[in-house]
*Asks:* 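Have a look at this one.
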Amino acid sequence: MPLISDAVQIWRAAEGDYHIEWAASHPDTQVRVDPLGGHGQVQAHYDEAAPRARIAGLPAARRHQFRLSDQHGNEVLAMERKLGMQGTPNFRDFGGYRGADGRRVRWGYLYRSGQLSGLTPQDLELLDSLQLDLVCDFRREDEQQSSPSRYPEARQPQVASLPITPGSNAAAFTEGRLDLGGRQPMFDFMVEINRDFVESQGPIYARMFREILQRQDTRFLVHCAAGKDRTGFAVAVILLALGVSVDQVMEDYMLTARFYHPQQEVDRLRAKYGLESVPEEAILPMLEVHEAYLARALEAIEDYGAVETYLEEVLGVGSAEREELRRRYLE
């Protein structure tokens with residue numbers, strides 16, 4: 001099949017344009033991109049040097065689905081993965097991946113993001129269109145209080161406060177237990193935080209699954225401050241429960257590197273943890289994503305013998321719960 005379905009990526013920039021990338025098994029494959037249900041002055045701009053296109057002119061207040069088709073009759077239907085939120089740059093749908101039995105994770109039900117305190121009126125209108133039932137907030141209580149989330153007035157989801165303090169970040173900084181003189185200590189610290197998700201934060205992630213399962217066909221969002229570490233592990237175990245491969249779990253995790261820009265967050269992190277005098281190179285690993293981070297968590301899961309064993313024994317997601325999750329979120 002020249003057009004590779006798993007290689008399609010669609011994201012919306014904050015100003016509203018859609019960017020579509022794809023891959024094909026033959027370099028001469030010609031691909032056409034059509035938005036479904038688009039109205040108004042929609043314009044498509046194709047890059048002659050690379051397999052990508054930009055679509056402009058689609059309404060901003062809702063999501064859009066696209067059909068990619070090649071000259072051989074192959075088609076791929078996909079939605080935007082990163083939504084065009086102006087006030088939180090890493091808001092993504094983690095549907096579309098191939099899960100158990102060859103079925104795909106449903107679009108429009110599972111979302112991930114950073115904090116929601118900076119959402120603009122346009123963001124709130126888009127958020128309202130998602131019809132979220134549940135939001136799982138992994139930020140510490142002080143984070144939730146200092147940066148309260150914003151929700152649409154007309155439809156407010158139920159919020160589950162699930163505070164996670166992996167590795168006790170604040171204490172490590174204030175008590176001087178972390179060497180902040182260079183890049184490597186912070187990198188190693190972030191690796192160990194991901195081990196801590198597996199070994200110490202199981203009760204919180206188990207609560208997340210209970211919150212999701214106690215409602216019917218829940219449309220939900222999981223988020224923390226940046227939407228990459230605490231959220232990244234949450235998304236990983238959800239996708240693993242749905243039968244998504246480790247490779248695609250890692251692919252979704254690493255998309256944060258594309259949409260979240262660490263250099264823009266250094267000053268915020270300095271103020272948050274009192275790191276004004278710490279060099280940037282020592283801070284950046286805390287704001288970055290690396291395969292080694294999530295790989296450490298996956299390695300810790302392997303100590304249980306199998307993913308299914310960890311899901312059942314630690315997170316309370318046994319065969320019945322996995323079957324229900326797959327019934328809801330695979331198609």
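Numbering starts at 1 and runs along the sequence shown.
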*Asks:* Atom OG of S319 and atom CD of E308: how far apart are they, to the nearest 0.5 Å?
*Replies:*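 One gets 10.5 Å once the value is rounded to the nearest 0.5 Å.
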*Asks:* Can you name the nearest heavy-atom pair linking G114 to H223, along with the distance?
*Replies:*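 Looking at all heavy atoms of both residues, the closest pair is O-ND1, 3.4 Å.
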*Asks:* For residues A60 and L126, report the shortest heavy-atom separation together with the two atoms involved.
*Replies:*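 Result for this residue pair: O-CD1, 4.1 Å.
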*Asks:* Determine the minimum heavy-atom distance between T218 and Y329, stating which atoms define it.
*Replies:*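 Looking at all heavy atoms of both residues, the shortest contact is O-OH, 2.6 Å.
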*Asks:* Do V135 and M85 belong together in a cluster built from hydrophobic side chains that touch within less than 4.5 Å?
*Replies:*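 Per the 4.5 Å side-chain linkage, V135 and M85 are co-clustered.
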*Asks:* For residues L330 and F209: do they belong to one hydrophobic cluster (side chain heavy atoms under 4.5 Å, members Ile, Leu, Val, Met, Phe, Trp, Tyr)?
*Replies:*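 Yes, same cluster.
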*Asks:* Is it true that D70 and T29 share a donor-acceptor pair across their side chains at a distance under 3.5 Å?
*Replies:*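 No donor-acceptor contact under 3.5 Å links the two side chains.
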*Asks:* Any chance the rings of Y205 and Y310 have centres within less than 6.0 Å?
*Replies:*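 For Y205 and Y310, the ring centres are not under 6.0 Å apart.
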*Asks:* Distance under 6.0 Å and angle within 45° of the ring axis: does R104 meet both against Y109?
*Replies:*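 Relative to the ring axis of Y109, which defines the angle, R104 lies outside at least one limit.
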*Asks:* Can F220 be reached from V237 by stepping across I, L, V, M, F, W or Y side chains whose heavy atoms are under 4.5 Å apart?
*Replies:*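 They do share one cluster, since a chain of ILVMFWY contacts under 4.5 Å joins V237 to F220.
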*Asks:* Scan D267, V266, I283 and name whichever one has a side-chain contact (heavy atoms from CB on, under 4.5 Å) with L275.
*Replies:*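 In the set D267, V266, I283, the residue that makes a side-chain contact (heavy atoms from CB on, under 4.5 Å) with L275 is I283.
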*Asks:* Is any side-chain heavy atom of L124 less than 4.5 Å from a side-chain heavy atom of D128?
*Replies:*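 They are not in side-chain contact.
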*Asks:* Is the closest side-chain heavy-atom distance between V105 and F94 below 4.5 Å?
*Replies:*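 V105 does not reach F94 side chain to side chain.
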*Asks:* Is D133 salt-bridged to R155, going by a charged N under 4.0 Å from an acidic O?
*Replies:*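 Counted as a salt bridge, because a side-chain N and a carboxylate O are separated by less than 4.0 Å.
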*Asks:* Determine yes or no for a side-chain-to-main-chain donor-acceptor pair under 3.5 angstrom, with R219 supplying the side chain and G108 the backbone.
*Replies:*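 Confirmed, R219 side chain pairs with G108 backbone.
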*Asks:* So, applying side-chain hydrogen bond (donor to acceptor under 3.5 Å, both in side chains) with E80, which one of H19, R12, Q9 is it?
*Replies:*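 Going through the options one by one, the only one that passes is R12.
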*Asks:* Could you walk me through whether Y293 and F197 pass the ring pair (Phe, Tyr, Trp, His ring centres under 6.0 Å) check?
*Replies:* CA-CA 11 Å; Y293 294 176; F197 290 147; over 10 Å; no
*Asks:* Please determine if D93 and R63 form a salt bridge, counting it only when a charged side-chain N lies under 4.0 Å from a carboxylate O.
*Replies:*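 A salt bridge is present here (some side-chain N lies under 4.0 Å from a carboxylate O).
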*Asks:* Going from CG on D229 to CE on M190, what distance comes out if it is rounded to the nearest 0.5 angstrom?
*Replies:*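 The distance works out to 3.5 Å.
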*Asks:* Could you tell me whether the side chains of H290 and E288 share a donor-acceptor contact shorter than 3.5 Å?
*Replies:*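 There is such a pair between these side chains.
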*Asks:* Between the main-chain N or O of Q30 and the side-chain N or O of Q71, is there a donor-acceptor pair closer than 3.5 Å?
*Replies:*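 Side chain of Q71 to backbone of Q30: a pair is present.
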*Asks:* Do S69 side-chain atoms and E75 backbone N/O form a donor-acceptor pair below 3.5 Å?
*Replies:*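 Absent.
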*Asks:* On a heavy-atom basis, which atom in L311 and which in R322 lie closest, and how many Å separate them?
*Replies:*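 Looking at all heavy atoms of both residues, the closest pair is CD1-CD, 4.0 Å.
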*Asks:* Salt bridge or not for R195 and E192, using N-O below 4.0 Å?
*Replies:*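 Counted as a salt bridge, because a side-chain N and a carboxylate O are separated by less than 4.0 Å.
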*Asks:* Quick check for you: to the nearest 0.5 Å, what is the distance between L36 atom CG and M79 atom CE?
*Replies:*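 Between atom CG of L36 and atom CE of M79 there are 9.5 Å.
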*Asks:* Is there a side-chain contact between V222 and F138 (heavy atoms, below 4.5 Å)?
*Replies:*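 Yes, their side chains come closer than 4.5 Å.
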*Asks:* Would you check if the side chain of D123 reaches a backbone N or O of T120 as a donor-acceptor pair within less than 3.5 Å?
*Replies:*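 Yes.
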*Asks:* Strictly under 6.0 Å, is that where the ring centroids of F66 and Y18 end up?
*Replies:*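 F66 vs Y18: aromatic centres under 6.0 Å.
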*Asks:* Examine distances only and state if a side-chain atom of E143 and a backbone atom of R140 form a donor-acceptor pair shorter than 3.5 Å.
*Replies:*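 Yes, E143 side chain to R140 backbone: donor-acceptor pair under 3.5 Å.
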*Asks:* Do N74 and P2 come within less than 4.5 Å of each other through their side chains, counting heavy atoms only?
*Replies:*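 Yes; the side chains approach each other to less than 4.5 Å.
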*Asks:* Please tell me if the side chains of Y46 and R32 come closer than 4.5 Å, counting only heavy atoms from C-beta onward.
*Replies:*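 Yes, at least one pair of side-chain atoms sits under 4.5 Å.
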*Asks:* Assess whether a salt bridge exists between D252 and R112, defined as any Lys/Arg side-chain N lying under 4.0 Å from an Asp/Glu carboxylate O.
*Replies:*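 Judged by the 4.0 Å cut-off on N to carboxylate O distance, D252 and R112 do form a salt bridge.
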*Asks:* For residues P157 and L134, report the shortest heavy-atom separation together with the two atoms involved.
*Replies:*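 Reported closest heavy-atom pair: CB-N, 4.0 Å.
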*Asks:* With a 4.5 Å heavy-atom cut-off, do V249 and Y97 have their side chains touching?
*Replies:*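 V249 does not reach Y97 side chain to side chain.
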*Asks:* Using 0.5 Å steps for rounding, measure from the CH2 atom of W11 to the CG atom of L83.
*Replies:*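 One gets 14.0 Å once the value is rounded to the nearest 0.5 Å.
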*Asks:* Determine the sole option in R81, K82, K228 for which the side-chain contact (heavy atoms from CB on, under 4.5 Å) test with F259 is passed.
*Replies:*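 Going through the options one by one, the only one that passes is K82.
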*Asks:* Shortest non-hydrogen contact from T256 to R92?
*Replies:*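 In this case the closest contact between T256 and R92 is OG1-NH1, 2.9 Å.
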*Asks:* Taking atom CD of E153 as the centre, does the number of heavy atoms from other residues, nucleotides or ligands within less than 6.0 Å exceed 12?
*Replies:*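 No, not enclosed.
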*Asks:* Would you compute the distance between atom CG of L162 and atom CG of D137 and round it to the nearest 0.5 angstrom?
*Replies:*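 Between L162 CG and D137 CG, I get 8.0 Å after rounding to 0.5 Å.
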*Asks:* Output the distance between atom CD (E321) and atom CG (L315), rounded to the nearest 0.5 Å.
*Replies:*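 Those atoms lie 11.0 Å apart.
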*Asks:* Would you kindly say whether S149 and R139 are connected by a side-chain donor-acceptor distance under 3.5 Å?
*Replies:*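 Judged by distance alone, the side chains do pair up.
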*Asks:* Between R327 and E323, is there a salt bridge with N-O shorter than 4.0 Å?
*Replies:*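 The answer is no: the pair does not qualify as a salt bridge.
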*Asks:* Is it the case that the side chain of T231 and the backbone of C224 share a donor-acceptor pair, with hydrogens and angles ignored and the cut-off at 3.5 Å?
*Replies:*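 Flag set: sc T231 to bb C224 pair under 3.5 Å.
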*Asks:* Look at the side-chain heavy atoms of Ile, Leu, Val, Met, Phe, Trp and Tyr, link any pair under 4.5 Å apart, and say whether V314 and I212 land in one connected group.
*Replies:*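 Yes, one cluster joins them.
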*Asks:* Is the count of non-hydrogen atoms from other residues, nucleotides or ligands lying under 6.0 Å from E21 atom CD greater than 12?
*Replies:*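 Check passes, neighbour count above 12.
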*Asks:* Heavy-atom count around R258 CZ within 6.0 Å, excluding the residue itself: above 12?
*Replies:*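 Yes - once you tally the heavy atoms of other residues, nucleotides and ligands closer than 6.0 Å, there are more than 12.
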*Asks:* Are L110 and L325 grouped together when hydrophobic residues (ILVMFWY) are joined by side-chain heavy atoms under 4.5 angstrom apart?
*Replies:*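 Same hydrophobic cluster.
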*Asks:* With heavy-atom distances below 4.5 Å as the criterion, would you say the side chains of Y151 and V159 are in contact?
*Replies:*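 Counting from C-beta outward, Y151 and V159 do come under 4.5 Å.
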*Asks:* Taking the side chain as everything from C-beta on, heavy atoms only, tell me whether R328 gets closer than 4.5 Å to L213.
*Replies:*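 Touching, per the 4.5 Å side-chain cut-off.
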*Asks:* Return yes if a side-chain donor-acceptor contact under 3.5 Å exists between Q158 and R215, otherwise no.
*Replies:*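 R215 and Q158 do have a side-chain donor-acceptor pair below 3.5 Å.
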